[in-house]
Amino acid sequence: MPVIAELITQPSEQDLTDLNKTYEGNIEWLQAVLEGPDLMVGGRFNDRLVAAFVLRDEESCWRLEKLQVREITRRRGVARQTLHSAQKTLKLERPILVDLSAHLELLKLFESQGFVATDSKAVLQWQG
């Protein structure tokens, strides 16, 4: 199941449907992300978005938030492939931070993608 990451700047109707399913109907925040300085990254498989996350613009770094995989495709490596593809294809000049204090079960996933612990063991950083 090869998943390719891409920036989502002008989602199609199908993309919006897919994002609505991925975030289980909770996408009222999406328009603000698309209109602001933050980035929406989607993981696409067979022309459908099956995963997504937000990179919040914090001037000196990006903060990865809202990583979500569509329920029907979970437990198949979709998050791992989306992160890996994003790291390879997106040309981000600043480090990416992710705070996993509320999701410690994701530590191994992010560590396997080259993220390393900062001062806090639950805050990881990736420098491209």
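If you chain together hydrophobic residues whose side chains sit under 4.5 Å apart, Ile8 and Leu67 never meet in one group. Linking ILVMFWY side-chain heavy atoms closer than 4.5 Å, directly or via other members, places Val54 and Ile27 in a single hydrophobic cluster. By the criterion of side-chain heavy atoms lying less than 4.5 angstrom apart, applied directly or through intervening Ile, Leu, Val, Met, Phe, Trp or Tyr residues, Val33 is grouped together with Leu49 in one hydrophobic cluster.
To the nearest 0.5 Å, atoms CG (Leu100) and CZ (Phe110) are separated by 5.5 Å. Between the CH2 atom in Trp29 and the NZ atom in Lys66 there is a gap of 5.5 Å [rounded to 0.5 Å]. Distance check: Glu24 CD to Gln68 CD gives 5.5 Å after rounding to the nearest 0.5 Å. With rounding to the nearest 0.5 angstrom, the CG atom of Leu124 is 10.5 Å from the CG atom of Leu64. Note that CZ of Arg63 is 12.0 Å distant from CD1 of Ile96, once rounded to the nearest 0.5 Å. Rounding to the nearest 0.5 angstrom, the gap separating the CG atom in Leu34 from the OG1 atom in Thr9 is 8.0 Å.
In this structure, Val69 and Thr22 approach most closely via the heavy-atom pair C-CG2, 4.1 Å. Minimum heavy-atom separation, Gln87 to Gln113: NE2-O, 2.8 Å. Across every non-hydrogen atom of Gln81 and Val3, the tightest pair is OE1-N, 2.9 Å. Looking at every heavy atom in both residues, Phe53 comes nearest to Ala86 through CZ-CB, 3.9 Å. Here the shortest heavy-atom pairing between Arg94 and Cys61 reads NH1-O, 3.5 Å. In this structure, Ser85 and Ala5 approach most closely via the heavy-atom pair OG-N, 2.8 Å.
Contacts of Ala52 classified as side-chain contact (heavy atoms from CB on, under 4.5 Å), with partners at least two apart in sequence or in another chain: Leu19, Tyr23, Met40.
Formation of a donor-acceptor pair under 3.5 Å by the Asp99 side chain with backbone atoms of Ser101 is found in this model. Without hydrogens or angle criteria, Asp57 side chain to Asp38 main chain gives no donor-acceptor distance under 3.5 Å.
The only option from Asp18, Asp15, Thr82 that meets the side chain to side chain donor-acceptor pair (under 3.5 Å) definition with Arg44 turns out to be Asp15.
Residues Leu106 and Val98 have side chains not in contact (no heavy-atom distance under 4.5 Å, counting atoms from C-beta outward). Inter-residue side-chain proximity for Val78 and Phe45 is flagged as unmet; no heavy-atom pair is nearer than 4.5 Å.
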(message) Does Leu55 form a side-chain contact (heavy atoms from CB on, under 4.5 Å) with Leu92? I'd like the steps, not just the answer.
(response) CA-CA 10 Å; Leu55 291 173; Leu92 302 172; 3.6 Å; yes
(request) Begin from the C-alpha positions of Val41 and Leu7 and carry the test side-chain contact (heavy atoms from CB on, under 4.5 Å) through to its verdict. (result) CA-CA 5 Å; Val41 179; Leu7 288 178; 3.9 Å; yes
(request) Begin with the C-alpha distance, continue with both residues' side-chain angles, and end with the deciding distance and a verdict on side-chain contact (heavy atoms from CB on, under 4.5 Å) for Leu16 and Leu30. (result) CA-CA 9 Å; Leu16 291 172; Leu30 181 60; 3.8 Å; yes
(request) Please test Thr17 against Gln14 for side-chain contact (heavy atoms from CB on, under 4.5 Å), starting from the C-alpha separation and ending with a verdict. (result) CA-CA 5 Å; Thr17 298; Gln14 185 60 59; 4.0 Å; yes
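The neighbour count for Leu104 CG, taken as heavy atoms of other residues, nucleotides or ligands under 6.0 Å away, is above 12. Counting non-hydrogen atoms of other residues, nucleotides and ligands closer than 6.0 Å to CD of Gln10 gives a total of 12 or fewer. Around the CD atom of Glu28, the shell of radius 6.0 Å holds more than 12 heavy atoms that belong to other residues, nucleotides or ligands.
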